[in-house]
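Lettering of chains follows the sequences in order, A, B, ..., and the numbering in each one begins at 1.
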4 protein chains.
Amino acid sequence: MLTEQSVIIQGTKRSQQKAATRETILRSARSLYAERGIAATRSAAVAQAAGLAHGTLFLHFPRQEELLVAVIEDFGEGLCRRLHELSAGGRGLRACLEAHLAGLREVEGFYAALLTEAGHLPEAARLSLLMVQSTLSWHIAAAAEAGMEAGTIRRQPVHLLFNTWIGLVHHYLANRELFAPGALVLERRGGELVEHYLGLVSTGDRIEGG
Amino acid sequence: MLTEQSVIIQGTKRSQQKAATRETILRSARSLYAERGIAATRSAAVAQAAGLAHGTLFLHFPRQEELLVAVIEDFGEGLCRRLHELSAGGRGLRACLEAHLAGLREVEGFYAALLTEAGHLPEAARLSLLMVQSTLSWHIAAAAEAGMEAGTIRRQPVHLLFNTWIGLVHHYLANRELFAPGALVLERRGGELVEHYLGLVSTGDRIEGG
Amino acid sequence: MLTEQSVIIQGTKRSQQKAATRETILRSARSLYAERGIAATRSAAVAQAAGLAHGTLFLHFPRQEELLVAVIEDFGEGLCRRLHELSAGGRGLRACLEAHLAGLREVEGFYAALLTEAGHLPEAARLSLLMVQSTLSWHIAAAAEAGMEAGTIRRQPVHLLFNTWIGLVHHYLANRELFAPGALVLERRGGELVEHYLGLVSTGDRIEGG
Amino acid sequence: MLTEQSVIIQGTKRSQQKAATRETILRSARSLYAERGIAATRSAAVAQAAGLAHGTLFLHFPRQEELLVAVIEDFGEGLCRRLHELSAGGRGLRACLEAHLAGLREVEGFYAALLTEAGHLPEAARLSLLMVQSTLSWHIAAAAEAGMEAGTIRRQPVHLLFNTWIGLVHHYLANRELFAPGALVLERRGGELVEHYLGLVSTGDRIEGG
DNA sequence: TATGAATGAGGCTTCATTCAT
DNA sequence: AATGAATGAAGCCTCATTCAT
């Protein structure tokens with residue numbers, strides 16, 4: 001006979017189990033997206049990678065697109081939170097850029113896939129990317145404006161400053177096989193990118209510490 | 001009865017005809033790739049756009065990939081030649097950048113499609129992009145080094161200088177719906193990009209003319 | 001610790017509970033069958049309508065067909081009983097027809113679904129329909145023969161008499177959206193059908209009262 | 001070398017071939033619909049019955065529904081034409097009824113399936129049935145009114161007269177396994193139905209010849 | 001060479017049924 | 001007895017490629 005408590009516990013176990021399966025699916029999908037590209041990833045492959053029956057996928061994500069959106073949102077939220085955390089301490093532009101690279105480093109593969117395919121993906125995918133970039137943009141803008149006040153950053157339109165950095169990073173991500181064959185490009189080239197970029201946007205005055 | 005000569009002539013006619021059909025197919029394919037994306041373009045749509053039977057396509061390009069490669073190579077060669085032509089006159093960095101944008105402007109749609117999808121396309125696609133970038137790189141490097149000699153361009157590693165520019169341009173191309181909705185982004189934003197970039201890489205000295 | 005008595009009580013409670021659940025399922029299923037058609041009704045929808053977990057259904061009806069058969073038999077028995085009750089009082093043909101329509105009126109939706117889909121349903125479905133029609137047939141035959149004796153009904157083979165009535169009623173049921181859009185067709189058209197049918201089978205002599 | 005004429009001939013051959021395949025599909029589908037019911041017929045079964053690859057079906061009928069509609073329209077047109085032809089000669093009600101049965105006899109199986117499932121079929125299916133019934137209705141109404149003028153048919157609303165006949169015939173079709181096991185019910189019972197129905201609607205005066 | 005009908009492997013999705021809790 | 005997550009067979013449809021004409 002089930003006591004109320006046991007019902008609750010059992011209910012909890014069930015939801016936990018379901019949530020765990022959902023996580024497994026998300027992880028498998030993200031990994032396959034990173035590996036083979038988003039559009040080229042078959043739902044059957046995701047199921048197999050997750051160790052589930054094909055049909056089980058559709059219990060959790062009735063349409064393939066919903067899975068993609070869930071992966072992206074999951075990823076976007078995580079990345080934004082990470083960016084906030086990482087940027088929280090540092091006040092300088094350098095700290096921001098390094099936080100950005102640190103945040104991306106952990107999800108390099110998937111982020112690169114997203115970047116590359118966003119154009120042909122559902123609205124939600126693009127919105128999620130935009131959200132990430134807005135978050136980043138906010139931190140960079142603040143740091144850059146402070147730098148301009150302080151005289152360490154050359155005065156210039158902030159959006160161009162931002163797009164130059166984003167473009168540079170994305171270019172390296174999109175061509176990561178070229179810039180760091182068989183390795184993580186941000187690991188290998190990140191320092192170089194930060195230095196170069198700071199060199200470009202700084203005044204000669206080396207006052208800044210971040 | 002066919003004389004030897006008529007065979008030759010007919011053969012020639014045939015080759016001409018075949019070459020013409022091939023061109024038609026390439027043009028149609030490129031246009032569709034630009035419009036809908038490469039992966040999303042169906043062979044049947046290409047045939048229809050070219051005014052040919054579906055099967056005829058496979059007479060000229062037995063595998064879909066061969067068509068794609070042909071389009072890309074054709075495009076790459078054309079663009080490189082154009083970049084050479086456009087860069088020939090101007091010696092300064094500004095001239096190089098403007099030549100780059102001018103060259104891209106004519107093929108913006110397809111180039112953007114190539115950029116965004118290259119990661120999941122056959123080797124040839126990436127090679128072709130590389131070839132284009134090498135060509136450009138050669139011109140930019142020359143101009144940049146001259147500028148550094150002359151003291152108008154700040155001293156810095158040329159490959160980073162180059163990748164910064166490429167990254168900036170590609171970022172705008174990849175997000176052209178965002179930066180110039182319903183319009184050609186290089187037309188609308190090109191000038192701004194050149195000015196900003198030159199501002200970044202220049203010394204304060206405004207000696208240069210290009 | 002369970003005493004023997006408590007086991008019995010609990011066992012009884014359980015059976016009661018089980019029977020109650022079974023009733024709930026039957027009611028929900030019948031309602032959905034009537035609403036959307038039998039073949040188009042999903043087992044999951046029945047469970048949801050009954051406020052039960054999907055799996056619980058299969059505890060009571062291991063195969064979907066068993067549920068269907070149970071619904072049909074339940075329905076058939078109920079309808080036959082009702083027809084008997086309704087016919088009990090009236091002795092004339094008119095009373096029979098009106099009792100028939102009255103009996104059907106209460107279950108119009110499901111009866112129409114059964115009619116339209118019986119051909120592709122298990123044997124039991126057809127048998128159940130037959131049973132209903134036999135019941136009706138018995139009453140009508142009795143009334144008709146009495147009418148023929150009395151000279152109010154034209155002499156003719158009883159089975160044809162009966163099938164003409166059944167065919168007429170079923171035709172209106174099968175096309176109830178056409179004959180009474182958004183309403184109950186027997187409510188709207190029943191009177192007309194009875195009058196017309198009686199007109200057809202009667203002699204001119206208007207002696208009868210029912 | 002293809003002359004213009006040969007092209008035309010070849011073109012003709014091709015269209016003939018395509019039309020022939022289409023016919024094969026329609027025939028196979030109609031036969032399976034009649035045999036197993038419309039909703040229960042799988043596209044793969046139709047393809048197999050037609051001796052074609054599964055995919056070929058979708059070349060001719062991109063959606064399953066389009067195949068169904070084509071079968072129904074094909075059938076409806078044929079039946080209406082047949083009704084017109086058959087009714088053309090005879091002027092009496094008897095001739096009309098017999099023409100109706102004759103027309104149906106050839107397509108009994110499919111017509112019965114259509115009747116039974118029309119309620120859950122796409123709009124087009126119901127429209128097609130309506131069209132057939134309208135055609136029939138027109139002929140019957142004309143004959144019935146003439147009969148009423150002539151005093152051979154009892155005066156009564158024509159739509160009820162018509163629906164009584166339709167209901168009777170449909171009832172026999174829907175239960176053809178019951179009324180004529182393993183045989184064509186209209187063949188076996190048609191005469192009886194006509195006589196009975198005429199008996200019901202006629203005045204006693206046996207003047208009429210049709 | 002050109003045509004376009006035919007092919008069939010492969011993808012997504014549904015849903016009755018099972019099973020661990 | 002009840003739950004609901006998981007299963008997997010089966011259905012529909014797409015599209016690159018082949019082939020007879």
Side-chain angles (χ1 to χ4, degrees), chain A residues 1-2 6-7 9-11 13-22 41-45 47 51-65 67, chain B residues 10-11 13-15 17-18 21 41-47 52-65 67, chain C residues 10-11 13-15 17-18 21-22 41-47 52-65 67, chain D residues 1-2 6-7 9-22 41-45 47 50-65:
Chain A
M1 196 179 112
L2 299 175
S6 76
V7 166
I9 289 174
Q10 213 181 59
K13 264 192 197 161
R14 279 260 172 80
S15 359
Q16 280 176 348
Q17 175 54 37
K18 183 160 190 183
T21 301
R22 190 186 148 96
T41 293
R42 308 291 154 223
S43 64
L52 295 167
H54 193 185
T56 305
L57 225 65
F58 296 88
L59 196 67
H60 294 263
F61 304 97
R63 309 264 136 203
Q64 198 165 232
E65 179 173 325
L67 170 56
Chain B
Q10 211 178 59
K13 271 188 191 163
R14 280 224 174 142
S15 323
Q17 173 56 34
K18 184 161 187 181
T21 302
T41 294
R42 310 286 157 228
S43 64
V46 175
L52 295 168
H54 193 185
T56 305
L57 228 63
F58 295 84
L59 229 54
H60 294 264
F61 303 96
R63 310 264 129 203
Q64 187 162 244
E65 179 173 325
L67 169 57
Chain C
Q10 214 182 57
K13 271 189 192 164
R14 279 227 175 140
S15 324
Q17 173 57 34
K18 185 160 185 181
T21 302
R22 187 186 153 96
T41 293
R42 310 287 157 228
S43 64
V46 174
L52 295 167
H54 193 184
T56 304
L57 227 64
F58 295 85
L59 228 55
H60 295 264
F61 305 94
R63 310 265 128 203
Q64 187 161 246
E65 181 173 324
L67 169 56
Chain D
M1 199 179 109
L2 299 176
S6 77
V7 166
I9 289 173
Q10 212 180 59
T12 299
K13 264 191 196 163
R14 278 258 173 83
S15 355
Q16 281 177 348
Q17 175 54 37
K18 183 160 191 184
T21 301
R22 189 187 149 95
T41 294
R42 307 293 154 220
S43 64
L52 295 167
H54 193 185
T56 304
L57 227 65
F58 297 89
L59 197 68
H60 294 263
F61 303 96
R63 308 266 135 201
Q64 198 166 230
E65 180 173 327

Original post:
How many angstroms lie between atom CG of L59(A) and atom CZ of R22(A), to the nearest 0.5 angstrom?
Top reply: 11.5 Å
Original post:
Which value, rounded to the nearest 0.5 Å, describes the distance between R42(D) atom CZ and Q64(D) atom CD?
Top reply: 7.5 Å
Given [options], which nucleotide is nearest the side-chain atoms of [X]?
X	options	value
L59(C)	dA6(F), dC12(E), dA2(F)	dA2(F)
T56(C)	dC12(F), dT13(E), dA2(F)	dA2(F)
T21(A)	dC13(F), dC12(E), dA6(F)	dA6(F)
K18(C)	dA1(F), dA5(E), dC12(E)	dA1(F)
A53(B)	dT3(E), dT7(E), dC12(E)	dT3(E)
F58(D)	dT3(F), dT14(F), dT7(E)	dT14(F)
Q64(A)	dA16(F), dA2(E), dC12(E)	dC12(E)

**OP:** Assign each of H54(A) and L57(D) to its nearest nucleotide of DNA chain E by heavy atoms, then name whichever residue's nucleotide is nearer the 5' end.
**Re:** L57(D)
Original post:
Would you say dC15(E) has OP1 or OP2 under 4.0 Å from some side-chain N or O of S43(C)?
Top reply: no
Original post:
Does a side-chain N or O from R63(A) land closer than 4.0 Å to OP1 or OP2 of dT13(E), or not?
Top reply: yes
Paired with [N]: which nucleotide, if any, by Watson-Crick or G-U wobble criteria at under 3.5 Å for both distances?
N	value
dA6(F)	dT17(E)
dG11(F)	dC12(E)
dA1(F)	none

Rounded distance (Å) that lies between atom [atom2] of [N] and atom [atom1] of [X]:
X	N	atom1	atom2	answer
L52(A)	dT18(E)	CG	C1'	16 Å
R42(C)	dT13(E)	CZ	C1'	13 Å
Q17(D)	dT21(F)	CD	P	9 Å
F61(D)	dC13(F)	CZ	P	13 Å
R22(A)	dA6(F)	CZ	C1'	17 Å

**OP:** Specify the residue among E65(D) and A44(B) whose closest nucleotide of DNA chain F lies further upstream toward the 5′ end.
**Re:** E65(D)
**OP:** On DNA chain F, check which nucleotide each of G51(A) and T41(B) is closest to and give me the residue with the more 5' one.
**Re:** G51(A)
Original post:
Does a side-chain heavy-atom distance below 4.5 Å link F58(D) with S43(D)?
Top reply: yes
Original post:
Which heavy-atom pair separates T21(C) from H60(C) by the least distance, and what is that distance?
Top reply: CG2-NE2, 3.4 Å
Original post:
What are the two closest heavy atoms between H54(C) and A47(C), and how far apart are they?
Top reply: CA-CB, 3.7 Å
